[in-house]
Amino acid sequence: MAVYHLGHHPNYPELFHSLITEPPKLLAFDTEVVSLDNRKLLGVGVAISGGEGFYVPVDEPRFLSILALARDSSIQKIYHNAPFDLRVLRPHQVDCSNVDDTAFMLRLLGLPASLDEAAISVGREAQTAKSLMESHKVHTMDKLPQSELANKCINDAQVTYLLYEKYKDLVSPSYYAMERRLIPRLEDMSQVGVKLDTDRIEELYQHYNREYAWYLTQCQGMGFNPGSPQQVGYILAERENFLPFTKSKKQLSTDESHLRRLSDPVARLVLLYRHTAKLLNTYIIPLRGKDRAYTTFHMEALTGRISSTSAGKGNPDRNLMNIPKKTDLAQAAIPTIRSAFLPDHNEWTIADFSQIELRILAYLSRDQRMLSIFQSPDGDFHGVTASEMRIPRDFAKIFNFAMIYGGNEYTVATNAGMSDVALAKKYMLRWMTTYPQAAQWMMVQKIEGIRNGYVESLLGRKMPIPTEQGRAHAEHCCINFPIQCTAGEIFKMAIQECSNLADSFRLIVHDEMDLSGHHQMSDALAHLTDIYTPVGVEYRARWG
DNA sequence: AATCATTGCCC
DNA sequence: GTACGGGCAATGATTC
């Protein structure tokens, strides 16, 4: 068992000793785990500079000395993708308040954030875990020769150190500071979790399990597995139902929108099965018998939005940003899954930025009519759009969102339940005359975004436009990215604005903050930027 | 065992 | 006949 060294220092035991006894103010860290699915910690690497560093396996006695460095809040610790490493290191109670993240820096400059790609910009090479495992013909990192693992880990930490030196002065200080301060907020929230109503989840389980078993038995009696789209397509075609082929032309489309149109009771049966299977397998069973629900919050999205993941298999974390709002349209008597999420105090404070994306579109495009609607304190944007366009409010809502996402007449027609595609197109043109500056902004976004290869948000985050998925997709990204990113920026500022309530934060869901207990939300949230972003606040005993 | 394909939940 | 942006994850089918 040993401490591994990578560098040119002639007397590395002495260097290690001085690292421990007189630690520098700035260190770069990297962790190694078994695999993405099994995030058992194998060891930690630390770089003192771009050229010197050490790796210590977890079972080496001196691992404690390395931990002491990671725990020391007076040391500035650089990670590449800090939320990942901090999740792995969570059981060791490392400090996450004085943490820098070089992946954040690269992302907000619009540069590739993967370490192997970024390494080139500092004249180094970093091998991906995948390629290293392939070259050694192993499937998990613990099967690598330990010296190989150590070298990779130290090298990654050194590259991280170099990336920090290179990019720290290139990023916008205020923007980067905002993201940096989120690291401990997200880690704290991930760690605390949300209280669950165990009894209610058990009730849900009993109810849906009975339904599920019944639907499954019926399908099996007919000789097919309702969980297999292939078999569902086959049996429905056999019963003389018409279904189109999927994109890949390999099987028939059996998604909800298609099956709903069929009058065949088997189609209905499959939909009922899928609904119960989804609720059970994805939400109810994983939470059954648990006192709390946990997640890991990330900031790796293209647009800088926060996302929620399970962070690998075999840990209790799960995505808490996609918990269903409704359980069953027909049976209102069945409680929702969200209602099993409880505050630790007597009630929830649920704060939600209302229609923030449309407000951002209005601001970015300076559309006069949109702005004037949003200026009035309780202006109903969808309602006004409806009357301006002389269409029902539900239609107006669909059009408004389709414009943000870059929808075309076909998708709009589908969403609105309109059979007349030409009419949908006519309404889209009417939307563009109703909000002419918004329409013009979208056009300019497309042209400039495609020409530059990237678009920018309100606060100046650069987002590369993806090219692999075709021109139409790229154009939609040119419109949607700045809107979605700016919404994320305002939301991240909001978390910061509420730092006095940090201990009460339990969940965040894109434009909603859920706090345990009764809290007054700051009026400043409506004016975090030049965009007026009012917040609706509700107090409830249960979530959802 | 890994990857693709399909489906579906959230904003 | 016609691609609506961003996430995460479960399942089955296919491939290695």
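A note on names: the letters A, B, ... follow the listed sequences, proteins ahead of strands, and every chain is numbered from 1. What you see is a predicted model, and the numbers here were worked out from it, not measured in a lab.
- Here the side chains of A:Cys485 and A:Met463 are in contact, with some heavy-atom distance below 4.5 Å.
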Determine whether A:Ser310 and A:Asp317 satisfy the following criterion, side chain to side chain donor-acceptor pair (under 3.5 Å), listing intermediate values before the conclusion. CA-CA 4 Å; A:Ser310 69; A:Asp317 295 7; over 6 Å; no
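- DNA chain B is contacted by A:Lys130, A:His139 of residues 129-145 of chain A, taking any non-hydrogen atom closer than 4.0 Å.
- Checked against salt bridge (charged side-chain N to carboxylate O under 4.0 Å, His left out), A:Lys313 has the following partners two or more places apart in sequence or in another chain: A:Asp37.
- Atom CG in A:Asp511 sits roughly 16 Å away from atom P in C:dG7 (whole-Å rounding).
- Using a 4.5 Å heavy-atom cutoff, the side chains of A:Thr533 and A:Leu525 are not in contact.
- With rounding to whole Å, A:Lys278 atom NZ is found 14 Å from C:dG12 atom C1'.
- By the 30° and 60° cut-offs, the orientation of the rings of A:Phe401 relative to A:His382 is tilted.
- Side-chain nitrogen and oxygen atoms of A:Ser308 include none within less than 4.0 Å of the OP1 or OP2 phosphate oxygen of C:dG7.
- Contact check for A:Arg274 versus A:Tyr215: no side-chain heavy atoms found under the 4.5 Å cut-off.
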Distances under 3.5 Å between nitrogen or oxygen atoms of protein and nucleotides 14-16 of chain C:
{"residue": "C:dT14", "atom": "OP1", "partner": "A:Gln230", "partner atom": "NE2", "Å": "3.3"}

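- The number of heavy-atom neighbours closer than 6.0 Å to CE of A:Met443, taken from other residues, nucleotides and ligands shown, is 12 or below.
- Comment: A:Asp197 engages A:Arg542 in a salt bridge, judged by a side-chain N to carboxylate O separation of less than 4.0 angstrom.
- The aromatic rings of A:Phe395 and A:Phe399 sit tilted relative to each other, their planes meeting at an angle between 30° and 60°.
- When side chains are defined from C-beta on, A:Ser190 does not count as touching A:Tyr294, because their heavy atoms never get closer than 4.5 Å.
- Contact annotation for A:Ile483: no contact, since no heavy-atom pair falls under 4.0 Å across all strands.
- Annotation: cation-pi pair A:Arg366/A:Tyr363 present, NZ/CZ under 6.0 Å from the ring centroid and within 45° of its normal.
- Here A:Gln251 lies in heavy-atom contact (under 4.0 Å) with sugar-phosphate atoms only.
- Regarding contacts with the backbone of C:dA9, every side-chain N or O of A:Asn322 stays at 4.0 angstrom or more from both OP1 and OP2.
- Among the heavy atoms of the strands lying under 4.0 Å from A:Phe481 are primed sugar atoms or P, OP1, OP2 only; no base atom is included.
- For the pair A:Phe224 CZ and C:dG12 P, the computed distance is 13 Å after rounding to whole Å.
- Applying the 3.5 Å distance criterion, the base of C:dG6 shares a donor-acceptor pair with the side chain of A:Arg305.
- The six-membered or imidazole ring of A:Phe104 lies away from that of A:Tyr176, with a centre-to-centre distance of 6.0 Å or more.
- Atom CD in A:Glu300 sits roughly 14 Å away from atom C1' in C:dG6 (whole-Å rounding).
- Using a 4.5 Å heavy-atom threshold, the side chains of A:Met189 and A:Arg506 count as separate.
- To the nearest angstrom, P of C:dA10 lies 21 Å from CG of A:Asp255.
- Nucleic acid contact for A:Glu256: sugar-phosphate only, since backbone atoms but no base atoms lie under 4.0 Å from a heavy atom of the residue.
- Comparing the same atom, P, in C:dG1 and in B:dG8 gives a spacing of 23 Å after rounding to whole Å.
- As rounded to whole Å, 12 Å separates atom C1' of C:dG12 from atom CZ of A:Arg274.
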Could you list the protein-to-nucleotides 1-3 of chain C atom pairs, N/O on both sides, closer than 3.5 Å?
{"residue": "C:dT2", "atom": "O2", "partner": "A:Tyr410", "partner atom": "OH", "Å": "3.2"}
{"residue": "C:dT2", "atom": "N3", "partner": "A:Tyr410", "partner atom": "OH", "Å": "2.5"}
{"residue": "C:dA3", "atom": "N1", "partner": "A:Lys247", "partner atom": "NZ", "Å": "3.4"}

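- Counting any heavy atom pair closer than 4.0 Å across all strands shown, A:Gln231 reaches sugar-phosphate atoms only and no base atom.
- Nucleic acid contact for A:Arg471: none, since no nucleic acid atom lies under 4.0 Å from a heavy atom of the residue.
- Regarding contacts with the backbone of C:dC8, a side-chain N or O of A:Ser307 is found under 4.0 angstrom from either OP1 or OP2.
- Look at CZ on A:Phe297: it is 17 Å from P on C:dG7, rounded to the nearest Å.
- Annotation: ring pair (Phe, Tyr, Trp, His ring centres under 6.0 Å) contacts of A:Tyr435 (sequence neighbours excluded): A:Phe381, A:Trp431.
- The side chain of A:Gln484 sits closest to C:dG5 out of C:dT11, C:dC8, C:dG5.
- Put simply, chain A comes within 4.0 Å of DNA chain B, heavy atom to any atom, from B:dA2 to B:dC11, going 5' to 3'.
- Per the geometry, CE belonging to A:Met299 stands 15 Å off P belonging to C:dG7, to the nearest Å.
- Remark: A:Arg540 is not positioned above the aromatic ring of A:Trp348, lacking an NZ or CZ atom under 6.0 angstrom from the ring centre and at most 45 degrees off the axis.
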